[in-house]
There are 2 protein chains.
Amino acid sequence: MVFPMKPNLPETHLEAWRRYYVSFWRIFAAIEADLQAAGLPSLSWYDALYELYLAPGRHLRMSELARSALLSRSGLTRLVDKLEKEKLIERKSCPKDGRVQHAVLTEQGVEMLRKIWPVYRAGIAKYFAAHLNEKEAREFARTIGKVATAMEPVCQKAVEAEAAKQA
Amino acid sequence: MVFPMKPNLPETHLEAWRRYYVSFWRIFAAIEADLQAAGLPSLSWYDALYELYLAPGRHLRMSELARSALLSRSGLTRLVDKLEKEKLIERKSCPKDGRVQHAVLTEQGVEMLRKIWPVYRAGIAKYFAAHLNEKEAREFARTIGKVATAMEPVCQKAVEAEAAKQA
DNA sequence: CGGGAAAAGTTGCAGGCGCAACTAAAAGCG
DNA sequence: CGCTTTTAGTTGCGCCTGCAACTTTTCCCG
């Protein structure tokens, strides 16, 4: 029980949440520490570069990238500033729509992904995967996958709520 | 596959990681947004207050609290500054050891927990628990619990590594 | 067409956090 | 005892990030 108050949230689920919460922060901190120790940029850089790597043509609009990389638009602007300064990406304005900017992954950006990934992968393996056998991993992925996909529309809803506030 | 490179990390585990990662950030952001919308402080405040609530005598040394609340020592100092300013906790220096400070939960701190928890609980229920049945929740808690407990010594090790660096 | 509304990005600002350096107190040891 | 080392906590500084306000461009509709 997290706090003495009638729990309409079953104890099992609550315990699942607490372990989920602390495990995530611990793993996240450990991986970030490993990256820093290796003189590499943090996961937020990796996330952004990797989303571009996956995208067709290796480019995305700023706002698409912001959503994929789990950042606010302003946060992404600053991140892209830094990535561009390091020549890992390039900004290209869209000829069809003058408002739009595209972030394009450069060859050096791909190179950076290749440098980060081994360290990242080792962290995932050490801190997370090592404790799950094949069956557990499959079941875990299935369960948390439901949660992850269910949250996509919620993110959408947050945007809509903001829009509704204006009206 | 996250990046084309011989994966010594099985695909199943990798997929589990990716879903774990994105689901966590989405839920975390959603809960923080709910708290902010309700005019309540963020989860880091809750975590610290709640750890004090659980502690015998409702007090902890600064460094113990830092570890429990998943913060650095300096981060905790600032957080405690703010909590103290809001009279949610009090700093008490230890008579036995002049170096030690204790953070003590006040009655108003307990009151704040009571205000935050319903919103937090609703978020956990909506964004996380709603997507898991009883059996899934139990299995999930068991699996991620292994990871969480396995990470405790890693956190410990990080401290030791820092100590070793000096030697 | 023309003017207001909406959309995409950027920037000012402030808050949160960690690292490294610092201060104060206690412990170890010759 | 007195000096060095270690420990606990705080502070200076800089980075990262989000919110709100702003600019520019496009869309919508009379």
Side-chain angles (χ1 to χ4, degrees), chain A residues 25 28-33 35-37 39 41-48 60-67 69-86 89 91-103 155 158-167, chain B residues 25 28-33 35-37 39 41-48 60-67 69-86 89 91-103 155 158-167:
Chain A
W25 284 122
F28 182 73
I31 291 178
E32 288 282 23
L35 287 172
Q36 185 164 347
S42 75
L43 278 185
S44 60
W45 285 39
Y46 181 87
D47 288 342
L60 284 173
R61 303 158 60 128
M62 299 293 281
S63 43
E64 291 172 333
L65 184 53
R67 195 158 35 79
L70 308 165
L71 278 176
S72 70
R73 283 173 311 163
S74 63
L76 185 85
T77 294
R78 311 299 166 79
L79 178 55
V80 165
D81 287 347
K82 291 167 223 151
L83 294 174
E84 193 173 29
K85 198 168 293 177
E86 298 294 325
I89 68 165
R91 267 194 182 86
K92 286 245 169 44
S93 36
C94 178
K96 317 247 178 165
D97 186 335
R99 294 170 299 183
V100 172
Q101 294 276 56
H102 285 264
C155 299
V159 175
E160 286 161 22
E162 205 172 323
K165 216 168 34 180
Q166 302 231 347
Chain B
W25 284 122
F28 183 72
I31 291 177
E32 288 281 23
L35 287 172
Q36 186 163 348
S42 75
L43 278 184
S44 61
W45 285 38
Y46 181 86
D47 289 342
L60 284 172
R61 304 159 60 127
M62 299 294 280
S63 42
E64 291 172 332
L65 184 53
R67 193 158 37 78
L70 308 164
L71 277 176
S72 70
R73 282 173 311 165
S74 64
L76 185 85
T77 294
R78 312 300 166 81
L79 178 55
V80 165
D81 287 347
K82 290 168 224 151
L83 294 173
E84 193 172 30
K85 199 167 294 178
E86 298 295 324
I89 68 165
R91 268 194 181 86
K92 285 245 172 42
S93 37
C94 178
K96 316 248 178 161
D97 185 336
R99 295 170 298 182
V100 172
Q101 294 277 59
H102 284 263
C155 298
V159 175
E160 285 162 23
E162 203 172 323
K165 214 167 38 180
Q166 303 231 347

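Letters A, B, ... are given to chains in the order of the sequence lines, protein chains preceding strands, and every chain is numbered from 1.
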Identify the heavy atoms of [X] and [Y] that sit nearest to each other, and give their distance.
X        : Y       : result
A:Ala103 : A:Leu65 : CB-CD2, 4.0 Å
B:Ser72  : B:Gly75 : OG-N, 3.0 Å
A:Glu32  : A:Ser42 : OE1-CB, 3.2 Å

Once you round it to whole Å, what is the distance between [atom2] of [N] and [atom1] of [X]?
X       : N      : atom1 : atom2 : answer
B:Leu43 : D:dT17 : CG    : C1'   : 16 Å
A:Glu32 : C:dG16 : CD    : C1'   : 15 Å
A:Gln36 : C:dC17 : CD    : P     : 17 Å
A:Lys82 : D:dG14 : NZ    : P     : 15 Å
B:Asp47 : C:dC17 : CG    : C1'   : 14 Å
B:Leu70 : C:dG16 : CG    : P     : 17 Å
B:Leu65 : D:dG9  : CG    : P     : 10 Å
A:Trp25 : C:dG16 : CH2   : C1'   : 12 Å

* For B:Asp97 and for B:Ser72, locate the closest nucleotide of DNA chain C by heavy-atom distance; then report the residue assigned to the nucleotide nearer the 5' terminus. => B:Ser72

Pairwise distance [atom1]([X]) to [atom2]([Y]) - rounded to 0.5 angstrom:
X       : Y       : atom1 : atom2 : value
B:Ile89 : B:Leu79 : CD1   : CG    : 7.5 Å
A:Met62 : A:Leu71 : CE    : CG    : 10.5 Å
A:Arg78 : A:Ser44 : CZ    : OG    : 14.0 Å
B:Trp25 : A:Asp47 : CH2   : CG    : 9.5 Å

* Quick one: do B:Arg91 and B:Asp81 satisfy side-chain contact (heavy atoms from CB on, under 4.5 Å)? Show the steps, please. => CA-CA 9 Å; B:Arg91 268 194 181 86; B:Asp81 287 347; 2.8 Å; yes

Using a cut-off of under 3.5 Å, enumerate the N/O to N/O pairs linking the protein to nucleotides 9-11 of chain C.
from, atom 1, to, atom 2, distance (Å)
C:dG9, OP1, A:Met62, N, 3.2
C:dG9, OP1, A:Gln101, N, 3.3
C:dG9, OP1, A:Gln101, O, 3.2
C:dG9, OP2, A:Ser63, N, 2.9
C:dG9, OP2, A:Ser63, OG, 2.8
C:dG9, N7, A:Arg73, NH1, 3.3
C:dT10, OP1, A:Arg91, NE, 2.9
C:dT10, OP1, A:Arg91, NH2, 3.4
C:dT10, OP2, A:Thr77, OG1, 3.1

* Tell me what B:Ser44 touches on the nucleic acid: a base, only sugar-phosphate, or nothing, going by heavy atoms under 4.0 Å. =>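 Sugar-phosphate only.
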
* To do: Assign A:Leu71 to base, sugar-phosphate, or nothing according to its heavy-atom contacts below 4.0 angstrom with the strands shown.
  =>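 If one applies the 4.0 Å heavy-atom cut-off, A:Leu71 turns out to touch the sugar-phosphate alone, with no base involved.
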
* To do: Inspect the surroundings of CD in A:Gln36 and state if more than 12 heavy atoms from other residues, nucleotides or ligands are less than 6.0 Å away.
  =>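 For A:Gln36, atom CD is not crowded (no more than 12 foreign heavy atoms under 6.0 Å).
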
* **End axis versus end axis in the helix from C:dC1-D:dG30 to C:dG30-D:dC1, the angle rounded to 10°, five pairs used at each terminus** => 10°

